[in-house]
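Inspection log for the structure reproduced underneath, given as C-alpha cells.
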Amino acid sequence: MKEIPVTVKRSIELLGLFLLGALLVLGNNIIMPLIMAFFISIVLLPLYRFFRKKRFPDFLAILIPILLMLTIVSLIGWFFSSQMGRMIADFPQIQKNVSLHLSSLSKWINDISHFSTTEQLKFIDEQSSKLLNYSAAILGGAAGSVSSAFIFLGLLPIYVFLILSYKNLLLRFIFMWFKPDQHEKVEEVLGESESIIKSYLIGLLIQITYMSVLVGGLLLLFGIKHALLIGVLFALLNLIPYVGALIGNIIGVILTLSSSQSLTPVLIVLCTIAFVQFLDNNILMPRIVGSKVRINALGAIVGVLIGGAISGISGMFLSLPIIAVMKIIFDRSEMFKPWGVLLGDENPGESPMKNRQLRSKSDKVQQKLEVENDIQPTDKAGS
C-alpha cells in the first residue's frame with residue numbers, strides 16, 4: 001500500500017488538533033467539569049484504595065474522600081468570608097488611606113508634568129464614566145456567570161463519584177480501542193499519566209499550604225495588616241502558571257496600600273513574596289513534584305494562554321497537567337512523536353543542521369537527550 005505523503009500526514013494532524021480545540025470551545029461547559037473531575041478523581045484514588053483495603057464498602061470508600069474534599073473547600077470559603085468581614089469593618093480607615101495615597105500621587109504627577117490637579121480630576125471623572133458604562137454592560141451577564149459557576153461546582157462532586165464508581169468500565173473502554181499487541185504500551189501510558197497527574201496536583205496542594213504559611217507568617221511577623229489574606233490569595237493565584245504570581249503581587253500591593261499610610265509595608269510585602277517565590281521555584285517545588293515530564297517554557301506559556309481563552313481560570317490551571325498527559329501520549333506514538341519533542345524540555349546542545357542523529361525519532365536519541373538534560377528517562381510507568 002502506498003504511504004501517505006508527509007504533507008498530508010501533517011495536515012491531518014493539524015486538522016485533528018484544530019477539531020479538538022473547537023470541540024473544547026463549543027463544549028466548554030460540559031467538558032471542563034469532566035476534566036476537572038477526572039483530575040480530582042486521580043488525587044482521591046489513594047484514599048479510595050486505602051479505604052477499600054480496610055474493607056469499606058465501595059460506596060463509602062468513594063463518599064468519604066469526597067466529603068473530606070468538600071470540608072476543605074468549605075473551610076477555605078469560611079476563611080475568605082471572615083477576612084472579607086474584617087475588611088468591611090475597616091472600610092472607613094481603608095477609604096482614608098486610599099484618599100491619602102491618591103493625593104500623594106496627584107501631587108507627584110503635578111510636580112513632574114504639566115497636568116494640574118483640576119485636569120487630573122477631569123481625567124479621572126471621564127475614565128470613571130467609561131468604567132461605569134463598561135461595568136453596566138458586563139453586569140448583565142454576571143448572573144449567568146454566577147449560576148454557571150454554581151452549576152460547575154455542583155456537578156464536580158457528582159462527576160467525581162461517578163468516575164470513581166465506573167473507573168473499571170472506563171478503563172475497559174480505553175483498552176478496547178486498541179489492538180491486543182498495543183495494550184502494554186496503553187497500560188504504560190495510563191500508569192505514567194496517573195503518576196504525573198497525582199504528583200503534580202498533590203504537589204500543588206502542598207505548595208498552597210507552605211506558601212500560605214510562609215508568606216502569611218512572615219508578613220505577620222512584620223506586622224502587615226491582612227497578612228494571612230495576602231498569603232492565601234497569593235498561594236491560590238500562584239496555581240495559575242506565570243500569570244498568577246503577577247496578579248498575586250498586584251493584589252498584595254493594593255491590599256497593603258489600602259491598609260497603610262506608608263510605602264514601607266508595600267516594599268516588605270514585595271520582598272517577602274520575592275523571597276518565598278525564590279525558595280519555591282529553586283528549592284521546594286522541584287523536590288516536591290519531581291515530575292518525570294518537563295514542559296518547555298514556550299509550550300507552557302502558549303498552553304496557559306490557550307487554556308485561558310477556552311475556559312478562563314480553570315483552563316489556565318488545568319493547562320499544564322493536560323499538556324503533560326498529551327506529551328506522554330505523543331512520546332509513545334510514532335505518528336505524534338514530533339509533537340512530544342516540541343512540547344518537551346530536552347533541548348539539544350547541537351543544531352540538527354550539523355548533527356544528523358538529532359533528526360531521528362529514535363528512542364535511544366531521546367534517552368541520550370534526557371540524560372544530558374538531567375531528566376529521568378520515561379521508559380516505564382512509575383519508574
Side-chain angles (χ1 to χ4, degrees), residues 39 43 72-73 75-84 86-87 90 94 97 101 196-291 293-297 300-301 303-305 307-308 313-314 316-321 323-324 345 374:
F39 286 134
V43 175
I72 293 170
V73 172
L75 287 173
I76 294 172
W78 169 80
F79 170 78
F80 277 114
S81 63
S82 63
Q83 291 295 313
M84 291 304 295
R86 288 182 60 188
M87 287 190 69
D90 293 340
I94 290 172
N97 293 335
H101 290 304
I196 291 296
I197 294 168
K198 199 170 8 179
S199 65
Y200 178 76
L201 294 180
I202 291 176
L204 287 184
L205 292 175
I206 297 171
Q207 185 190 36
I208 290 172
T209 304
Y210 71 67
M211 289 197 81
S212 299
V213 171
L214 285 174
V215 175
L218 288 172
L219 293 181
L220 271 177
L221 289 176
F222 285 114
I224 303 298
K225 205 165 186 179
H226 308 301
L228 291 177
L229 180 61
I230 293 171
V232 174
L233 275 174
F234 180 79
L236 290 173
L237 287 168
N238 195 54
L239 295 178
I240 303 171
Y242 302 102
V243 182
L246 176 62
I247 299 172
N249 274 281
I250 292 170
I251 290 177
V253 168
I254 291 171
L255 286 173
T256 308
L257 279 173
S258 64
S259 59
S260 172
Q261 296 182 359
S262 170
L263 292 178
T264 305
V266 175
L267 295 175
I268 292 172
V269 169
L270 290 174
C271 290
T272 301
I273 289 176
F275 171 70
V276 172
Q277 270 193 297
F278 175 81
L279 288 179
D280 174 59
N281 293 334
N282 297 284
I283 300 172
L284 298 173
M285 199 58 181
R287 298 183 182 221
I288 291 169
V289 174
S291 174
V293 175
R294 294 184 185 177
I295 310 299
N296 65 65
I301 292 172
V304 168
L305 293 176
I313 293 176
S314 60
M316 296 173 82
F317 166 64
L318 292 174
S319 58
L320 286 190
I323 293 172
D345 198 29
D374 194 26

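Because only heavy atoms are used, hydrogens play no part in the values below, and waters and symmetry mates are left out as well, while side chains stay in.
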Taking the side chain as C-beta and beyond, is there a heavy-atom pair between L214 and F275 under 4.5 Å?
->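 Counting from C-beta outward, L214 and F275 never come under 4.5 Å.
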
So, taking the atom named [atom1] in [X] and the one named [atom2] in [Y], what distance separates them when rounded to the nearest 0.5 Å?
| X | Y | atom1 | atom2 | value |
| --- | --- | --- | --- | --- |
| L205 | I72 | CG | CD1 | 7.5 Å |
| D280 | M211 | CG | CE | 4.5 Å |
| T272 | L267 | OG1 | CG | 10.5 Å |
| L229 | S212 | CG | OG | 10.5 Å |
| I268 | I224 | CD1 | CD1 | 4.5 Å |
| I197 | L318 | CD1 | CG | 10.0 Å |

Can you sort out the partners of S81 under side chain to side chain donor-acceptor pair (under 3.5 Å), two or more places apart, ordered by chain and number?
->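 Partners of S81 by the side chain to side chain donor-acceptor pair (under 3.5 Å) criterion come out as none, since no residue qualifies.
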
Looking at residues at least two apart in the chain, or sitting in another chain, which of them share a side-chain contact (heavy atoms from CB on, under 4.5 Å) with L228?
->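 side-chain contact (heavy atoms from CB on, under 4.5 Å) check on L228 returns F79, L220.
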
Which atom names give the shortest non-hydrogen contact between S319 and G303, and what distance separates them?
->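 Scanning both residues completely, I find the closest heavy atoms to be CB-O, 3.5 Å.
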
Nearest heavy atoms of F39 and P321, plus distance in Å =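 Minimum heavy-atom separation between F39 and P321: CZ-CB, 4.0 Å.
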
What pairs of residues pass the salt bridge (charged side-chain N to carboxylate O under 4.0 Å, His left out) test when at least one of them lies in residues 226-235, not counting sequence neighbours?
->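 Those involving residues 226-235 do not exist here.
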
